[in-house]
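Here is the structure we will look at, set down as structure tokens.
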Amino acid sequence: MDDAVVPLVAHDLQNPLTSIRGYIQMTVMLGEQTLPPDLKRSLSMALISCDQLSRMVVSLSLLSQLEEGTYKLCLEETRPADVARGAVQASQAFADAQGKGIVERFEPVAEAVRVDVLLLDQALRNVIANGLARIRSKEKITVGVRTMEGMVEIGVEDGGPAIPEDLGLKMLATESQTEVKEAGFKTDRALGLVLFARSVAAMDGQVGVDSHGGRTSFWMRFPVVAGRAEAA
Amino acid sequence: MKADRGETDGGEEALRILVADDEAATREMLKQFLEAKGYEVTAVEDGRAAMEAADRQRFSAVILDIHMPRMGGLDALKAIRERNKRVPIVMLTALTDRSLAEMAIGMGANDFLNKPFDLEALEKNLMVKILMDNLS
């Protein structure tokens, strides 16, 4: 498919998704007192699947625009903990439905970073979804924000399978997915992880994957905006 | 003066909402939801019909999709704003259409929601804007 067609297709997918999501939510809301609990749970799962699909469609569209160079980057000074908190909230229902948890560990970070909020939000949601997919039910992932040497790091840590050092960054690249699969790792989160890496690169940030001591962290780092730390 | 409220079965006044979306499924879904919540809804399929409806009747709030045939949401926004400076207008758009959404805000839209949206968030958004409009 022509790359230029992808945003159009992604855009068109949003319309049927809107009505499917809306009808399901409406049925749940209006049937609050009358629907059997099992049916309510089934509909809630369908709602979460809609949101998952929507996130994938948006990722596909954004990734295509980034690769084509048509994405209009909108950099603004932002407190990363605010974006992280929003991404965690947006992912909570997805985690709850799987019986998994999300722990916030935000240092009192006052520094601002210069990012495109839409891209950062989508990137982080994708990394959170990846973290949740890597753990078993009743386990938790940790979303953290901390400062280190003039940078702010936003990371998602999980207790899933350890990732060999030479494979971590390959998980974030389209061209290495066969190698990742052959190494025994699932690649069904590849779209989200590739968007994560491309988005952070577009915002002049850094990405990395650290895996040791039974914990694995997918992180992104952005330079603190000069002069803001003192002001805060 | 045209009223922006209809009357419900119980005799109470219902707020009138104008919805314009060319996607029949989305339009019908919004109509059903808002009616279930007690609003009186006029649902139309393009910007021109929205503009004509706004000429005929006064609404408490307007929901406009951005991409529509004949007359799109931005043109309808402009036309309705020229006639009514105060009515709350919420635009519906795809998340990746950010520049269009920003343009809509610059043209006088009160807010925009990304498709697919949360119905509760939409209703809260509408209620706040209608309340603020009534207080101003």
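Letters A, B, ... are given to chains in the order of the sequence lines, protein chains preceding strands, and every chain is numbered from 1.
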Enclosure of [X] [atom1] (heavy-atom neighbours >12, cutoff 6.0 Å):
X        : atom1 : result
A:Met56  : CE    : no
A:Arg105 : CZ    : no
A:Lys140 : NZ    : no
B:Met107 : CE    : yes
A:Met203 : CE    : yes
B:Glu45  : CD    : no

Are the side chain of A:Gln25 and the backbone of B:Leu119 linked by a donor-acceptor contact shorter than 3.5 Å? yes
Note, B:Asn114 side chain near A:Gln14 side chain (heavy atom, < 4.5 Å): no
State, yes or no, whether a side-chain contact exists between B:Lys115 and A:Asn15 at a heavy-atom distance under 4.5 Å. yes
Nearest heavy-atom approach of B:Pro116 to A:Arg21 is CB-CD, 4.0 Å
Between B:Leu92, B:Thr26, B:Asp65, B:Leu30, which has the largest tally of heavy atom pairs under 4.5 Å with chain A? B:Thr26
Using a 4.5 Å heavy-atom cutoff, which residues in residues 27-53 of chain A come close to chain B? A:Met29, A:Leu30
